[in-house]
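All values below come from the heavy atoms of this structure, side chains included, with hydrogens, waters and symmetry mates left out.
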Amino acid sequence: MWQGLVVCITLTAAGFGLAQLPPLANAGISPLVVALLLGIAVGNTRLAGRLRHTAPGLKFATRWLLRSGIVLFGLSLTLQQVAALGPRVLLLDVLIIASVLIAGYFIGTRVLGMDRETTLLTSAGSAICGAAAVLATESTIRSRPAATSMAVATVVLFGSLAMLVYPLLYPLLGMDEGLYGIYIGATVHEVAQVVAAGEAVGPDALANAVIVKLVRVMLLVPFLLIVGQWWMRRGEGGEAQAAGGGLVIPWFAFGFMAMVVVNSLVSLPAPLHDGLVLVGQLALTMAMAALGYETRLEKLKSLGLRPFILALTLFVMLLTGGFLASRLLMG
């Protein structure tokens, strides 16, 4: 297993190092994305062909490190943050997530003729929490690395665009700062992107944006439970179905919720808390590096422009539909 893990560790270290450079840091590009891109670059070189025993380590990273990272991600949230803005925030987030998922799956499979895996991963990343949602969904449905990489690429692209667009639109849309923060949190892809966009608008916008976004992240758990059963009923349960399992239960999702409860009720020492959060980030980054390393460019090319068209459509839907929903429910 060591050869694949050494590859992941090297790519992860390089990803964290490059993400600290001012151009990438100022753009809000996370180490996860840098590690993914480095993995794709290295995985398509002759060096990858010479390393013939990477598969066990890569599989360990994309399965166990990925799930462990998602569990530890729960230490970034608390139940108190969820309760702070009241039940209407939950309704807003549920409405936006459900609308984007349903519309995205219909447009991707029926209109654009995309495969179900890429469509579902792209829709989940747009609707819930960007790359983390893509990775969690991938772990539930066991999708192909190329589909996962394409979905991550699209949500990162349009989430980065959102960091620029939302602050520019703020003076034009007639919302007060707090309400605009709710709009940002309900519609921007990644947590880091929400922080960047909210901070550019103001402190009230930032506070509300982060809370609303974290509620969206928590809704990842019921989504995974639902999509696991739905995927199985469609006869696409993959390894779980082949093993004879009747249910697809993402147990790591319950671990995620357990960490949220622990973070809400137990005051961990700051060094321990920060260390566990960092370990989770490292695990997720190693998993992203492994996914990138396993991705072959010819497979990405075969997916064409349709995933980007789908992601653009969902971005416009979040921008416009999310604005209307935020005004109606929270205005």
Locate the shortest heavy-atom distance separating [X] from [Y]; write the atom from each residue and the value.
X: Leu112; Y: Arg306; result: O-CD, 3.1 Å
X: Asp93; Y: Val212; result: OD2-O, 2.9 Å
X: Ala290; Y: Cys8; result: CB-SG, 3.7 Å
X: Glu138; Y: Thr148; result: CG-OG1, 3.1 Å
X: Ala200; Y: Pro167; result: CB-CG, 3.6 Å
X: Met288; Y: Leu32; result: CG-O, 3.0 Å

Let me check something: do [X] and [Y] share a hydrophobic cluster, defined by ILVMFWY side-chain heavy atoms less than 4.5 Å apart, either directly or through other members?
X: Val111; Y: Val316; result: yes
X: Phe16; Y: Val7; result: no
X: Val165; Y: Leu173; result: yes
X: Val277; Y: Val279; result: yes
X: Leu220; Y: Leu79; result: yes

Enter the distance from [X]:[atom1] to [Y]:[atom2] here, rounded to the nearest 0.5 Å.
X: Leu319; Y: Leu314; atom1: CG; atom2: CG; answer: 12.5 Å
X: Asn263; Y: Leu268; atom1: CG; atom2: CG; answer: 7.0 Å
X: Met317; Y: Ser126; atom1: CE; atom2: OG; answer: 10.5 Å
X: Thr187; Y: Ile182; atom1: OG1; atom2: CD1; answer: 11.5 Å
X: Leu65; Y: Arg67; atom1: CG; atom2: CZ; answer: 11.5 Å
X: Asp176; Y: Tyr180; atom1: CG; atom2: OH; answer: 12.0 Å

Side chain [X], main chain [Y], donor-acceptor under 3.5 Å:
X: Arg216; Y: Val94; result: no
X: Lys213; Y: Ala186; result: no
X: Gln80; Y: Ser264; result: yes

Contact between [X] and [Y] at the side-chain level, heavy atoms closer than 4.5 Å - yes or no?
X: Leu282; Y: Thr285; result: no
X: Thr109; Y: Met114; result: no
X: His273; Y: Leu75; result: yes
X: Glu177; Y: Pro203; result: yes
X: Phe308; Y: Met150; result: yes
X: Thr137; Y: Phe223; result: yes
X: Leu120; Y: Trp230; result: yes
X: Leu11; Y: Val42; result: yes

Trp2 vs Leu5, side-chain contact (heavy atoms from CB on, under 4.5 Å): CA-CA, chis, key distance, verdict
CA-CA 5 Å; Trp2 68 269; Leu5 289 178; 5.7 Å; no
Count the heavy atoms belonging to other residues, nucleotides or ligands that lie under 6.0 Å from CG of Leu168, then report whether that count exceeds 12.
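Yes, enclosed.
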Can you list the steps and then say if Tyr293 with Ile40 is a side-chain contact (heavy atoms from CB on, under 4.5 Å)?
CA-CA 5 Å; Tyr293 189 86; Ile40 293 174; over 6 Å; no
Under a 4.0 Å N-O cut-off, is there an ion pair linking Asp115 with Arg144?
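The answer is yes: the pair qualifies as a salt bridge.
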Short side-chain donor-acceptor distance under 3.5 Å, Arg116 and Tyr105
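Yes, side-chain donor-acceptor contact under 3.5 Å.
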Show your working on side-chain contact (heavy atoms from CB on, under 4.5 Å) between His189 and Leu318 and close with a plain yes or no.
CA-CA 9 Å; His189 299 59; Leu318 286 166; 4.1 Å; yes
Candidate pair Leu219 and Leu90, rule side-chain contact (heavy atoms from CB on, under 4.5 Å), full reasoning
CA-CA 9 Å; Leu219 290 172; Leu90 179 61; 3.9 Å; yes
Could you tell me if the ring centre of Tyr183 sits under 6.0 Å from that of Tyr166?
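So the answer is yes for these two rings.
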